[in-house]
Amino acid sequence: ENLRLECDLSFAGEIFEKFGLGVTVLSNREESFEISVKARLDDSFYAWLFNNSRYVRVVSPNRVRDDLKQKLLMALDNIDRDFRVNK
């Protein structure tokens, strides 16, 4: 999936480590930059996004933003869920 991400400038090293030096930088601002990357949208990628949400934001596509929101809401709902199995 082609993604556009906005990243905190302090996170540049981690971005290039994850996606490689061939990342397309679309814009560069004082405190952030936007990149275009191709990523496999699996659970580990969404976990990476969640774990680094302080430094990385999905700009597009909206479907990926919506999927991330849905996964986060499901995680919040599961906090109080009772997993006891009746036998």
Side-chain angles (χ1 to χ4, degrees):
E1 181 82 30
N2 290 315
L3 302 174
R4 187 172 182 151
L5 304 175
E6 181 179 16
C7 311
D8 188 278
L9 200 55
S10 68
F11 201 64
E14 287 83 352
I15 290 294
F16 293 118
E17 183 177 311
K18 177 155 183 75
F19 297 108
L21 295 176
V23 169
T24 302
V25 178
L26 302 171
S27 65
N28 195 5
R29 297 180 199 87
E30 189 172 316
E31 295 180 9
S32 67
F33 60 100
E34 282 191 21
I35 59 171
S36 176
V37 295
K38 193 168 200 159
R40 183 177 182 177
L41 300 180
D42 55 14
D43 287 342
S44 65
F45 182 73
Y46 282 105
W48 179 85
L49 280 174
F50 173 74
N51 286 330
N52 296 296
S53 61
R54 183 177 192 185
Y55 307 103
V56 180
R57 181 179 72 86
V58 176
V59 176
S60 67
N62 284 336
R63 179 182 60 77
V64 175
R65 291 168 52 100
D66 293 342
D67 286 350
L68 180 60
K69 285 180 191 177
Q70 192 63 33
K71 289 177 184 302
L72 294 172
L73 289 172
M74 191 172 12
L76 288 172
D77 286 344
N78 280 337
I79 288 174
D80 295 323
R81 186 172 167 198
D82 187 356
F83 285 104
R84 282 184 260 155
V85 179
N86 296 323
K87 293 185 180 183

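For the single chain, residues carry numbers from 1 onward in sequence order. In this text the structure is predicted, and so the values were computed from the model without any measurement.
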S.K.: Looking at Asp43, I want to see if its CG is surrounded by more than 12 non-hydrogen atoms of other residues, nucleotides or ligands under 6.0 Å.
M.R.: no
S.K.: Closest approach of Asp8 and Phe33, non-hydrogen atoms and distance?
M.R.: O-CE2, 3.6 Å
S.K.: Test side-chain contact (heavy atoms from CB on, under 4.5 Å) on Tyr46 and Leu72 and set out the steps.
M.R.: CA-CA 10 Å; Tyr46 282 105; Leu72 294 172; over 6 Å; no
S.K.: Which distance, rounded to the nearest 0.5 Å, do you find between the CG of Leu21 and the CD1 of Ile15?
M.R.: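 Here the rounded value is 12.5 Å.
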S.K.: Could you tell me the separation between the OG atom of Ser27 and the CZ atom of Arg4, rounded to the nearest 0.5 Å?
M.R.: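 Answer for the OG-CZ pair, Ser27 versus Arg4, is 6.0 Å.
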S.K.: Is a salt bridge present between Arg63 and Asp67, judged by a nitrogen-to-oxygen distance below 4.0 Å?
M.R.: yes
S.K.: As an exercise, state the distance from CD of Glu34 to CG of Asn28, rounded to the nearest 0.5 Å.
M.R.: 10.5 Å
S.K.: First locate atom CG of Asn78, then atom CG of Leu73, and finally report the distance between them rounded to the nearest 0.5 Å.
M.R.: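 If I round to the nearest 0.5 Å, the distance is 11.0 Å.
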S.K.: Counting C-beta onward and ignoring hydrogens, is there a side-chain heavy-atom pair between Leu3 and Phe19 closer than 4.5 Å?
M.R.: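 With C-beta onward as the side chain, the pair stays apart.
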S.K.: For a 4.5 angstrom cut-off between non-hydrogen side-chain atoms, does Glu14 reach Asn52?
M.R.: no
S.K.: Is Phe16 reachable from Leu5 through a run of I, L, V, M, F, W or Y residues, each pair having side-chain heavy atoms under 4.5 Å apart?
M.R.: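 Shared cluster, yes.
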S.K.: Are the side chain of Arg65 and the backbone N or O of Val58 linked by a donor-acceptor pair below 3.5 Å?
M.R.: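 Looks like yes, one N/O pair under 3.5 Å.
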S.K.: Supply the atom-to-atom distance Lys69 NZ to Asn62 CG, rounded to the nearest 0.5 angstrom.
M.R.: 8.0 Å
S.K.: Please work out which of the three classes, parallel, tilted or perpendicular, describes the rings of Phe11 and Trp48, given edges at 30° and 60°.
M.R.: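 Tilted.
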S.K.: Distance from Arg29 atom CZ to Leu9 atom CG, nearest 0.5 Å?
M.R.: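 So the CZ of Arg29 and the CG of Leu9 are separated by 11.0 Å.
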S.K.: Write down the atom of Gly20, the atom of Val23, and the distance for their closest heavy-atom approach.
M.R.: O-CG2, 3.1 Å
S.K.: Assigning hydrophobic clusters by single linkage (Ile, Leu, Val, Met, Phe, Trp, Tyr; side-chain heavy-atom cutoff under 4.5 Å), is Val56 placed with Val37?
M.R.: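 Same cluster: Val56 reaches Val37 through Ile, Leu, Val, Met, Phe, Trp or Tyr contacts under 4.5 Å.
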S.K.: Taking atom CD as the centre, does Glu1 end up with more than 12 heavy-atom neighbours from other residues, nucleotides or ligands that are less than 6.0 angstrom away?
M.R.: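 Yes, enclosed.
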S.K.: For a quick test of reading the model, state the closest non-hydrogen atom pair linking Phe45 to Arg40 and the distance between them.
M.R.: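 Minimum heavy-atom contact is CB-O, 3.3 Å.
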